[in-house]
Amino acid sequence: MASPRTHFSRPSELSAPAAPSRASAAEFRTAVDQAAQIWNSSVSNVRLVAGTPADFVVLADYGWPRTQPVTLGRGTIWMGRQATAEGHNPLRIATHEIGHILGLPDRRTGLCTDLMSGASAGTSCTNPYPNATEKAQVERNFAGFAPAIRFGEIYVDSPEAALR
């Protein structure tokens with residue numbers, strides 16, 4: 001049986017009065033595409049495919065990266081430029097935020113080996129790969145088990161959130 005497909009939109013600019021043109025959001029396209037490939041090579045119970053209609057949308061803005069999953073495999077990701085401006089790796093950010101769409105909560109362990117540790121691992125961490133526990137949780141989520149995430153909540157990956 002084929003894995004369910006979760007379609008995602010490629011990054012676009014968040015509408016705002018002072019926002020630059022849509023073309024400027026292209027800086028995250030490669031990172032989002034690579035993050036989808038990482039998840040596709042890491043798990044078998046779901047496939048991430050660019051397309052429309054999208055199950056989750058990726059936007060770019062000037063805040064911190066954040067995700068609002070509304071159901072498993074669906075929601076909105078904001079690829080915030082503040083984190084990349086401060087030295088955080090765009091591919092790690094994209095893979096981490098997609099992790100929320102796939103039902104993973106933040107785990108602020110500070111360990112670079114934990115993808116869902118996010119910003120707590122610091123700017124020197126560039127590891128974009130989920131660990132064995134994170135992969136297994138996504139497999140369970142898409143096999144019908146309840147994800148360890150609250151749908152509708154916005155998960156913000158900022159240093160301030162890491163201190164909470």
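The chain is numbered in sequence order, starting from 1. All values below come from the heavy atoms of this structure, side chains included, with hydrogens, waters and symmetry mates left out. Owing to the predicted nature of the structure, the values given are computational and were not obtained by experimental measurement.
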Lys/Arg-Asp/Glu bridge criterion (N-O < 4.0 Å) met for Arg74, Asp55:
yes

Between Asp157 and Arg92, does at least one N-O distance fall below 4.0 Å, as a salt bridge requires?
no

Linked, directly or transitively: Ile149 and Leu72 (ILVMFWY side chains, under 4.5 Å)
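Yes, Ile149 and Leu72 fall within the same hydrophobic cluster.
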
Indicate if Phe142 and Leu104 have the same hydrophobic cluster label, given that clusters are the connected sets of ILVMFWY residues with side-chain heavy-atom separations under 4.5 angstrom.
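Phe142 clusters together with Leu104.
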
Output, in order, the C-alpha distance, side-chain angles, deciding distance and verdict of side-chain contact (heavy atoms from CB on, under 4.5 Å) for Met116 and His96.
CA-CA 6 Å; Met116 298 313 290; His96 171 94; 3.8 Å; yes

Does a side-chain heavy-atom distance below 4.5 Å link [X] with [Y]?
X: Glu139; Y: Phe145; result: no
X: Val138; Y: Trp39; result: yes
X: Trp78; Y: Glu97; result: no

Determine, step by step, whether Asn131 and Thr113 satisfy the side chain to side chain donor-acceptor pair (under 3.5 Å) criterion, reporting the C-alpha distance in whole Å, the side-chain angles of both residues, the deciding distance to 0.1 Å, and the verdict.
CA-CA 7 Å; Asn131 64 30; Thr113 54; 5.5 Å; no

Which of parallel (below 30°), tilted (30 to 60°) and perpendicular (above 60°) describes Tyr155 and His100?
parallel

Assess Arg81 against Tyr62: is NZ or CZ under 6.0 Å from the centre of the six-membered ring, and within 45 degrees of the ring's axis?
yes

Test item: side-chain donor near acceptor, Gln137 and Asn141, under 3.5 Å:
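Yes - a donor-acceptor pair under 3.5 Å links their side chains.
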
